[in-house]
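Scroll down for the structure; my scribbles are underneath it.
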Protein chains: 2
Amino acid sequence: MAEDIAGRGDPIKTLQLMWGRVDTPKRGPKARVALTDLVQAAVRIADAEGIDAVSTRRVAEAVGISPMSFYTHIPDKSVLLDLMLDAVSGGDYPMPVFDPAQWRANVTMVASEFRKYYIAHPWVLQVSTHRPVLGPNTMKSYEVFLSALDGLGLDEIEMDMSVTMIANYVFGAARDVARSRMVKEQTGMSDDEWWYAIAPFLETLDYSPYPVASRIGPVVGELYGLGDPDRAFDFGLERILDGLAVMIEGKGGP
Amino acid sequence: MAEDIAGRGDPIKTLQLMWGRVDTPKRGPKARVALTDLVQAAVRIADAEGIDAVSTRRVAEAVGISPMSFYTHIPDKSVLLDLMLDAVSGGDYPMPVFDPAQWRANVTMVASEFRKYYIAHPWVLQVSTHRPVLGPNTMKSYEVFLSALDGLGLDEIEMDMSVTMIANYVFGAARDVARSRMVKEQTGMSDDEWWYAIAPFLETLDYSPYPVASRIGPVVGELYGLGDPDRAFDFGLERILDGLAVMIEGKGGP
DNA sequence: GCACAATCTCGTACGGTGTAAAGAGTTATT
DNA sequence: AATAACTCTTTACACCGTACGAGATTGTGC
């Protein structure tokens, strides 16, 4: 049940697989399945049943080979995770053309697209990439993010750090959004039911050590009900855009 | 190797354990170990060897009981994870008293404290809490965050959403900071060595689909070397503070 | 055609995991 | 003394990732 760690396998081999740079062998029998079959089967399992359900045996079975034949195609499971991450990275949409004059709308669009992507593949939020996954789709995501901030007078480092900041925020916020959906599916207990179940206990607690929280909590439903993650996402994004605007306007603007 | 999921066990039982609300049984032999012994042993293992090393058997062995005796004290592993999370939540520092006039410094302090906390216990970043961990320490963290934003003219919902935004950003940014440290410890390969190993391959790629990235990447070392996560953290935090300032000043300020 | 090397596939096996089930021992109540 | 409540333990099961080695299949060089 530990965290899946991507980027642990042989880096070069992983990159070769990710970019399709493996020259098909001359001799020996033809492979019965392709690499993408395995990766897509794994993604399907993860989408449907969560990342816990993805085992080398399950994936092998899904494509119709024996458990150990998995290792003919993929060195080990951590490489599979890298491949899965790049396979779905950033979702599937055409490369947009951005007008710098409307950079707020552009960033909002990219951030929302990423939030959608995380919600479509919530297991991505659970796989901790300990190295950057330098695959084609991941690079495309970086490119899209950067493009939304291009032409605003920022230097290279400011652009990169801004992308990092936005991406980090979206990642964190998407966790909140995906959380309630995943738990409901896996436990059959909705957020409301959960809060209702624990409410009697919460009423017995002494909140005097938390004066501010006990003033704020009940209002927003953080203590007696979940807040609205969609609204919180938009709110945080607006603050971040305001912060970027201060910097961009300080540089002369778009 | 899947993600650890906290908050799956019986909610009430988890809360009772977390708040020490289990009335000591009248009959039967005295327990040889206390709940906190188990939790602290688990935290020690996770701090030293990562969350993967935390198994019910390991924890039981660490406190000197047999594997299955673990379940006498804790219903299942997911509850242990909840208890671990609250045990370390937010780090260990006295409750500060904030001057609203210096709210930027206050928020910076809290954010930095949380970053330190994540780096001290990087496994926290890997455990996905599917429900809020409503323990005393987690509540204290929420209280501290809220206090740093108190007295600025924000309403309850704005305060809560601001805390959520900052916390989400810190969480995401701390992942970047903790990443290189963890990988170096676990693989013995530093970031530089890793980039050096894959550089020959990266040079064979066609970057024409990524015009902006290939302009930015080499400068910031995102494509040919890792950026500086500490600097990126400070940069992002400044932007977020700027964004909050816009809202706070729009309300009349502190 | 034939030997050989390369390659895919597979069966077996090992040490690990979480935890269900059932029993043995200990303590306080009746 | 009997019993209920409780802790601790042993055994067992199904799963996991994957090391190892044995066929089976294909192309190459003679």
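Convention: sequence-line order gives letters A, B, ...; per-chain numbering from 1.
Checked by atom type and distance alone, the side chain of B/Trp123 never pairs as donor or acceptor with a backbone atom of B/Asp52 at under 3.5 Å.
Taking the side chain as every heavy atom from C-beta outward, B/His121 and B/Met84 never approach each other to under 4.5 Å. Looking only at side-chain heavy atoms (C-beta outward), A/Ser55 and A/Phe70 stay at 4.5 Å or farther from each other. Side chains of A/Met165 and B/Phe233 form no contact here, defined as non-hydrogen atoms less than 4.5 Å apart. Put simply, the side chain of A/Pro136 reaches to within 4.5 Å of the side chain of A/Asp86, judged on heavy atoms.
A cation-pi contact, defined as under 6.0 Å to the ring centre and within 45° of the axis, links A/Arg175 to B/Phe171. A cation-pi arrangement is not found for A/Lys116 relative to A/Tyr93, the charged atom failing to lie both closer than 6.0 Å to the ring centre and inside a 45° cone about the ring normal. In this structure, A/Arg21 satisfies the cation-pi test against B/Phe201, with its NZ or CZ atom closer than 6.0 Å to the six-membered ring centre and inside 45 degrees of the ring normal.
Note on the helix from C/dG1-D/dC30 to C/dT30-D/dA1: terminal axis deviation equals 20°, with five pairs used at each end and the result rounded to 10°.
Heavy-atom distances under 4.0 Å link DNA chain C to B/Met68, B/Tyr71 of residues 60-71 of chain B, given in residue order.
At whole-Å resolution of the value, CG in B/Leu38 and P in C/dG18 are 13 Å apart. Protein atom CG of B/Asp37 is 11 Å distant from nucleotide atom P of D/dC8, rounded to whole Å. For A/Arg58 and D/dA14, the CZ to C1' distance is 15 Å, given to the nearest whole Å. Straight-line distance from the CG atom of A/Asp52 to the C1' atom of C/dT17: 12 Å, rounded to whole Å.
Among the heavy atoms of the strands lying under 4.0 Å from A/Ser55 are primed sugar atoms or P, OP1, OP2 only; no base atom is included.
When the side-chain nitrogen and oxygen atoms of B/Arg57 are compared with OP1 and OP2 of D/dT10, none of them lie within a distance under 4.0 Å.
Around the CD atom of B/Gln16, the shell of radius 6.0 Å holds more than 12 heavy atoms that belong to other residues, nucleotides or ligands.
Between A/Thr56 and B/Pro25, the residue anchored closer to the 5' end of DNA chain D is B/Pro25, taking for each the nucleotide with the nearest heavy atom.
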Next item on the list: List the protein contact pattern of nucleotides 23-30 of chain D with one symbol per nucleotide (5' to 3'): B for base contact, S for sugar-phosphate-only contact, - for none; contact means a heavy-atom distance under 4.0 Å.
Entry: --BBBS--
Next item on the list: Show the numbers, then the answer: is there a side chain to side chain donor-acceptor pair (under 3.5 Å) between A/Tyr142 and A/Asp160?
Entry: CA-CA 9 Å; A/Tyr142 182 52; A/Asp160 177 73; 2.7 Å; yes
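Proximity of the aromatic rings of A/Phe114 and A/Phe145 is defined here by a centroid distance below 6.0 angstrom, and this criterion is met.
The nucleotide whose nearest atom lies closest to any side-chain atom of B/Ala31 is, among D/dT9, D/dT7, C/dG18, D/dT7.
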